[in-house]
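Take a look at the structure set out below.
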Amino acid sequence: MGELQSATVSRGTPAAPVMGNPVNGRFGDFGGQFVPETLVPACQELEVAFTEAWADPAFRAELDHLLREYAGRPSPLTECARLSGELGCRVWLKREDLNHTGSHKINNVLGQALLARRMGKTRLVAETGAGQHGVASATAAALLGMECVVYMGEVDMARQELNVFRMRLLGAEVRPASSGSRTLKDAVNEAMRDWVATVESSHYCLGSVMGPHPYPWMVREFHRVIGEECAEQFRTNVGGSPDYVVACVGGGSNAIGIFSGFAEASTRLIGVEPAGGAAVGRGVPGIVHGMRSYLMQDEFGQVEEAHSISAGLDYPGVGPEHAHLSDIGRAEYHPVSDAEVIEAFKLLSRTEGIIPALESAHAIAWVSRERKRLAGSTVVVNLSGRGDKDVAQMMDILGPELQGGTPSSGQGGGS
Ligand SMILES: Cc1ncc(COP(=O)(O)O)c(C=O)c1O
């Protein structure tokens, strides 16, 4: 099949605390380190380096400094009066769309780039779907003076042309992944192949909470800042904790980042998947890209193609910690359709003046659909990214409808 999945390390599986550190690289029955022999030392070296760096106050201070002065953290928690009025529940947005480069991806990338430099690596290899992780990786490489190669499916290169150009402008080389569905899954395969061949000088800057241990854990820790900030902002501005925290799930990094601030609270955690890429909803346990997790596959175990209107969620698997959180009932995962996402994209734009990334619009779509269930409650949505990258794609879809300045809802308008 060509996926990198030859099994190696998989020791015992004692239960880890909810959203605690993985035990032997496992979150319950999920996770692990299923990689070719050549990558085992690289994964082990990375685990040691991350563990040391994360315990080193100097590393933490340098990362905090970059997150503040370069990425623009803390991101605001914005209350949405008009959207709340329309939906009948109180909605806040955690504004990861306002970070430098336009999404949450920068949190993880700055962490991994600093770690790579600390490990003596001079080259970053990355995969990207929507292009946001690729842009963030190219940005961090430019900032730290590193070489950067980004793999991207040919289909995604066509629908996210703007981000391809941004990456090239930032000095990165963008290499097309032309096998399989020519989307994110295939870009991950190519990036892992590159890493196998260049591991001495390269760090694989993986863009979500997936892949072999230590990635799902390390990437979660780099995104923990979203949830910690958000919990504190909610406590200070509103009091207590929200009833619901909602986030879209591709690999699952923005969701796990915000969930990790509410692990101990009574807050209900909701992950929203695209109907055509609902790994938790439709998948069965399997192994892909170095991890055991829920995975959409056929009866022979072949990985099925995902489909989503948003390139960043077009992935048939999901990070192993989400599989675990679903199994133990701590988080719920629900699918939304592309049509619901398009309506949500328009809804947030016209009610709040905020154009969301199509990925983030999945979370809004669930809140909009479930407004009866949510009536009167407090809801925080992680707005993982801004919609600039999606405007050209949406012009094709919505262009005729919006011509003449008359939105289909009949509301808004004006100058
Ligand atoms: C804005 C945005 N949100 C969400 C995602 C999905 O990734 P994850 O599930 O790791 O947060 C992406 C991926 O490209 C993205 O660009």
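Just follow the structure's listing: the first ligand is 1, and inside any ligand the first atom is 1.
Using a 4.0 Å cut-off to heavy atoms of E359, the atoms of ligand 1 that qualify are 1 (C), 2 (C), 3 (N), 4 (C), 5 (C), 12 (C), 15 (C). Under a 4.0 Å criterion applied to the non-hydrogen atoms of S208, ligand 1 contributes the atoms 8 (P), 10 (O). The distance from ligand 1 to the heavy atoms of L313 drops below 4.0 Å at these ligand atoms: 6 (C). Per-residue contacts place G250 under 4.0 angstrom from the following atoms of ligand 1 (heavy atoms of the residue considered): 9 (O). Each of the following atoms of ligand 1 lies closer than 4.0 Å to a heavy atom of Q132: 16 (O). Within ligand 1, the atoms closer than 4.0 Å to a non-hydrogen atom of A357 are 1 (C), numbered from 1 in the order shown.
Contact check on R118 versus E62 returns no salt bridge, with no Lys/Arg side-chain nitrogen under 4.0 Å from an Asp/Glu carboxylate oxygen. With respect to R282 and E273, no salt bridge is recorded, no charged nitrogen being found less than 4.0 Å from a carboxylate O. A salt bridge links E96 with R73: at least one charged nitrogen is closer than 4.0 Å to a carboxylate oxygen. Using a cut-off of 4.0 Å between Lys/Arg side-chain N and Asp/Glu carboxylate O, D194 and R123 are scored as salt-bridged. The pair E86-R371 does not count as a salt bridge, with every side-chain nitrogen at least 4.0 angstrom from each carboxylate oxygen.
Any N or O atom pair closer than 3.5 Å counts here, and S384 shares at least one such pair with ligand 1. Every N/O-N/O distance between C248 and ligand 1 stays at or above 3.5 Å. Polar contact check, S360 against ligand 1: no nitrogen or oxygen pair lies under 3.5 Å apart. For the pair G252 and ligand 1, the shortest N or O to N or O distance falls below 3.5 Å. Polar contact with ligand 1: absent for S103 (N/O pair, distance under 3.5 Å).
Here the protein heavy atom with the shortest distance to atom 13 (C) of ligand 1 is K105 CE, 3.3 Å. Protein heavy atom at the shortest distance from atom 8 (P) of ligand 1 is S253 N, 3.3 Å.
Distances shorter than 4.0 angstrom occur between a heavy atom of H104 and an atom of ligand 1.
Between H334 and E370 the shortest side-chain heavy-atom distance does not fall below 4.5 Å. Inter-residue side-chain proximity for T267 and F259 is flagged as unmet; no heavy-atom pair is nearer than 4.5 Å.
Note: Y151 and Y204 fail the aromatic proximity criterion, with ring centroids not under 6.0 Å apart.
Relative orientation of the W217 and F50 rings is perpendicular, given thresholds of 30° and 60° on the angle between their planes.
Looking at G385, G312, A361 and measuring to atom 6 (C) of ligand 1, the nearest heavy atom belongs to G312.
Dense packing is recorded around CD of E173, with more than 12 heavy atoms of other residues, nucleotides or ligands lying under 6.0 Å away.
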